[in-house]
Amino acid sequence: MIRRFALALLLLVPLAGVFNAADEPAKLTDKNYEKTRDYLLPKGEEEDWAKVAWRTTLWDGVIDAQKEDKPIMLFAMNGHPFGCT
Amino acid sequence: MLNGQGMDKTTTRQGTYCCTPSGKFLGSVNSRQAHVIAKLLRDSLKKWKELKKEDRLLDYDPSDKVKDIDRAESRYPKDGMVLKVNSRDMPREGLKEDDWRTHAWNFDFAWFSKDEVEDMLPKKFEKNEEWDLPEALVHRVARLHLLDNVRGQTNIFPKEAVKTAAVKCKVEKIKKGVVYFDMSGEVKLEEGERGLDASILGKGEYSVKERKFTKFELVVVGDRWGRTRYNAREDDSDKAPIGYCLQIASDKPTDKVAPASFWEYGW
């Protein structure tokens with residue numbers, strides 16, 4: 001039980017040391033700069049989508065599909081799916 | 001062809017489509033479920049295999065049409081700089097672990113032309129040299145990219161919403177032709193009932209020999225408040241912490257998308 005509690009505490013301490021509670025303004029300092037940066041960047045499975053050999057635009061895909069005699073999969077959203085949507 | 005569910009004008013065009021290079025429709029669906037997309041791909045591939053080659057492919061080289069296509073991406077600043085702007089809520093009490101919104105993140109791209117990059121340099125490369133990033137560029141980044149888009153699309157801030165937006169730089173050291181510098185600043189945006197009040201820290205490296213930034217990283221953390229129509233803050237419009245990390249983007253196709261509000265650049 002103590003070990004479980006200790007593990008939970010270990011998991012909580014890094015965040016508690018870096019970030020503030022909801023009712024306080026978040027403070028960015030030289031000390032927490034790298035941890036904050038790493039928290040903000042996508043990681044692990046958040047980047048799985050980028051493993052697909054996407055082309056930037058539909059026509060880039062048409063050019064390559066024509067060369068390679070392959071079908072095209074198009075993912076279309078309001079806002080570019082590789083950018084802000 | 002509208003997406004999957006018929007030809008009603010109100011049906012969404014968003015989603016995943018399959019087609020041939022010649023433009024023949026193979027299938028479509030609007031779903032984020034992996035098994036649904038997998039079925040779409042299998043069904044589309046089956047139809048693809050049933051088509052003759054002359055029906056699958058164009059009867060001309062599509063590369064010849066590139067010059068006729070005017071997209072923002074054709075203005076990609078390959079001799080300038082592109083920053084990927086990642087946004088995410090900072091941890092806070094009261095968020096549910098099993099709610100997708102707790103873990104939401106988004107990104108956009110901020111573009112800088114070659115001339116704009118040169119405007120970002122100090123007058124001289126000397127230790128302790130201090131300078132400000134150009135106000136116009138900092139304001140552009142603030143109002144077009146430091147947005148509450150964590151959960152979905154939102155609107156840019158108008159020019160008059162910028163109350164403060166400044167970044168100061170200072171050379172920390174110069175070693176083997178690389179200028180290492182620190183950045184710090186603040187940003188305050190206000191428009192009606194929404195806004196952002198945040199501090200900025202950053203680190204950069206400029207290669208004098210290559211005449212380019214080899215590192216340009218900004219971290220922005222502060223409070224956001226308010227909401228817009230599609231940014232999914234219906235029940236979360238009170239002041240709450242948000243963060244951004246801006247870093248030089250890769251040269252992969254996925255990082256060559258134009259800024260979401262490219263039209264505001266005036267390029």
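Being a predicted model, the structure only gives us computed values, none of them experimental. Every chain is numbered from 1, with letters handed out A, B, ... down the list of sequences.
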Looking at [X], I'd like to know if its [atom1] atom is crowded, meaning that more than 12 non-hydrogen atoms belonging to other residues, nucleotides or ligands lie closer than 6.0 Å.
X      : atom1 : result
A:K51  : NZ    : no
A:E45  : CD    : no
B:K173 : NZ    : yes
B:E186 : CD    : no
B:K215 : NZ    : yes

For each of [options], tally heavy-atom pairs with chain A at distances under 4.5 Å, and name the one with the top tally.
options                     : value
B:L201, B:T20, B:L218       : B:L201
B:G202, B:P259, B:G94       : B:G202
B:G243, B:C19, B:C18, B:G27 : B:C19

- Among A:V62, A:D64, A:I63, residue most engaged with chain B (heavy-atom pairs, under 4.5 Å):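 Sorted descending by pairs with chain B, the first entry is A:I63.
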- Message: Looking at chain B, which one of A:L40, A:V52, A:L58 has the largest number of heavy-atom pairs inside 4.5 Å, strictly under?
- Response: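 Between A:L40, A:V52, A:L58, the count favours A:L40.
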Once rounded to the nearest 0.5 Å, what's the spacing between atom [atom1] of [X] and atom [atom2] of [Y]?
X      : Y      : atom1 : atom2 : value
A:L41  : B:W105 : CG    : CH2   : 9.5 Å
A:D69  : B:R56  : CG    : CZ    : 4.0 Å
B:K203 : A:R37  : NZ    : CZ    : 8.5 Å
A:R55  : B:T254 : CZ    : OG1   : 11.5 Å

- Task: Can you sort out the partners of B:D251 under salt bridge (Lys or Arg N to Asp or Glu O under 4.0 Å), two or more places apart, ordered by chain and number?
- Result: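 Salt bridge (Lys or Arg N to Asp or Glu O under 4.0 Å) list for B:D251, sorted by chain: empty.
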Report yes if the side chains of [X] and [Y] come closer than 4.5 Å at any heavy-atom pair, otherwise no.
X      : Y      : result
B:K252 : A:W54  : no
A:W59  : B:V66  : yes
B:T16  : A:L74  : no
B:N86  : A:P42  : yes
A:Y33  : B:E217 : yes
B:V219 : A:L28  : yes
A:K27  : B:V221 : no

Non-hydrogen atoms of chain A under 4.5 Å away: do they reach the side chain of [X], the backbone, both or neither?
X      : answer
B:D238 : neither
B:F262 : neither
B:Y230 : neither
B:I69  : side chain
B:L45  : side chain
B:L40  : neither
B:S63  : both

- Query: Under a 4.5 Å heavy-atom cut-off, does chain B meet the side chain of A:D60, its backbone, both or neither?
  - Reply: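 Neither part.
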- Task: Ignoring hydrogens and angles, tell me if any N or O in the side chain of A:Q66 forms a donor-acceptor pair with the backbone of B:P62 under 3.5 Å.
- Result: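 Between the backbone of B:P62 and the side chain of A:Q66 there is no qualifying donor-acceptor contact (under 3.5 Å).
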- Query: Can you tell me if A:T56 uses its side chain to pair, donor with acceptor, with the backbone of B:V257 under 3.5 Å?
  - Reply: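 Not a single qualifying donor-acceptor pair exists.
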- Message: Looking at B:R88 and A:E46, is there a salt bridge between them, counting it only when a charged N and a carboxylate O are closer than 4.0 Å?
- Response: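 Result for this pair is yes, salt bridge flagged.
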- Please name the pair of heavy atoms, one in A:A65 and one in B:L57, separated by the smallest distance, quoted to 0.1 Å.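 So the minimum-distance heavy-atom pair works out to O-CD2, 4.3 Å.
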